[in-house]
Amino acid sequence: MARAGDVDAFDDDDEALSWAGDEEQGRAAPRVREPEAPPVSDEAEPEEAPGSRGRSVATAAFVVPYLAITVGWIFAVQQLSSGSASLFGEILWQFGEFLAMLAAPLWLAATLTLTRAHRPLVRVGWLALGLAVVFPWPLVLRFLAALEFAGGLS
């Protein structure tokens with residue numbers, strides 16, 4: 001056990017980082033490097049990549065229809081019923097309804113993620129295709145059938 005009067009051989013950090021005889025050989029104790037300052041650039045703001053403004057406008061223009069499609073699927077799911085007698089069939093039906101409601105936001109997120117490095121026209125094409133694929137067709141067909149029944153289409 002150390003006493004109050006004892007002096008530790010490595011009280012000083014400089015002594016802990018050097019070996020006996022280093023001074024005689026001309027070697028100094030190793031030092032920790034100071035972090036380098038980041039280089040200062042002359043430009044205050046980076047330039048926009050070509051097409052980035054068009055990409056932003058196209059993305060914003062497609063967010064609203066995808067939100068409307070998601071709400072349309074929520075309404076379509078509320079109107080449909082499974083008619084299944086088994087518990088397993090009912091669970092699968094509800095899981096399919098849940099996936100139908102998530103299809104539009106998932107398509108939008110996947111398209112925005114996967115077309116990040118592509119031209120804006122490629123992103124617009126995939127977003128437009130997604131509008132047709134994930135459109136709530138059961139809601140539209142039910143609406144058309146109601147119009148036909150009421151005599152509105154003939």
Side-chain angles (χ1 to χ4, degrees), residues 8 10-19 22 27-154:
D8 190 12
F10 297 106
D11 279 342
D12 192 12
D13 288 338
D14 291 336
E15 290 180 19
L17 296 174
S18 63
W19 293 91
D22 279 346
R27 287 188 263 164
R31 300 281 182 210
V32 179
R33 290 186 191 169
E34 294 294 326
E36 295 179 14
V40 178
S41 65
D42 295 336
E43 297 179 19
E45 295 180 17
E47 293 182 25
E48 286 188 26
S52 64
R53 172 162 247 184
R55 181 182 305 237
S56 299
V57 169
T59 301
F62 275 101
V63 167
V64 174
Y66 273 94
L67 181 62
I69 286 174
T70 303
V71 171
W73 270 110
I74 292 171
F75 288 141
V77 163
Q78 290 175 353
Q79 291 180 355
L80 298 174
S81 63
S82 68
S84 177
S86 70
L87 177 63
F88 184 68
E90 185 68 28
I91 290 171
L92 288 179
W93 182 265
Q94 288 183 357
F95 184 66
E97 289 175 337
F98 174 71
L99 290 179
M101 288 186 283
L102 286 182
L106 287 176
W107 186 286
L108 179 68
T111 302
L112 295 179
T113 303
L114 296 175
T115 61
R116 183 173 296 144
H118 292 56
R119 296 185 327 227
L121 187 59
V122 172
R123 178 178 282 186
V124 168
W126 281 106
L127 288 172
L129 178 66
L131 286 176
V133 170
V134 299
F135 199 79
W137 293 111
L139 187 66
V140 173
L141 295 177
R142 185 177 293 259
F143 177 72
L144 291 177
L147 282 178
E148 187 174 318
F149 179 74
L153 289 179
S154 48

> Does V124 reach the side chain of F62, with side-chain heavy atoms less than 4.5 Å apart?
Replying inline: yes

> Between I69 and V134, what is the shortest heavy-atom contact and its length?
Replying inline: CG2-O, 3.2 Å

> How long is the span from the CD1 atom in I74 to the CG atom in L139, to the nearest 0.5 Å?
Replying inline: 11.5 Å

>> To the nearest 0.5 Å, what is the distance between CD on E97 and CE on M101?
In response: 6.5 Å

> Would you find a donor on one side and an acceptor on the other, under 3.5 Å apart, between the side chain of Y66 and the backbone of L127?
Replying inline: yes

> How far does CG of L144 sit from CZ of R142, to the nearest 0.5 angstrom?
Replying inline: 12.0 Å

>> Using a 3.5 Å distance criterion without hydrogens, assess whether the side chain of W73 forms a donor-acceptor pair with backbone atoms of L99.
In response: no

>> Please check this pair: side chain of T115 against backbone of H118, looking for a donor-acceptor N/O pair closer than 3.5 Å.
In response: no

> Quick one: CZ on R123 to OG1 on T111, what's the gap to the nearest 0.5 Å?
Replying inline: 8.5 Å

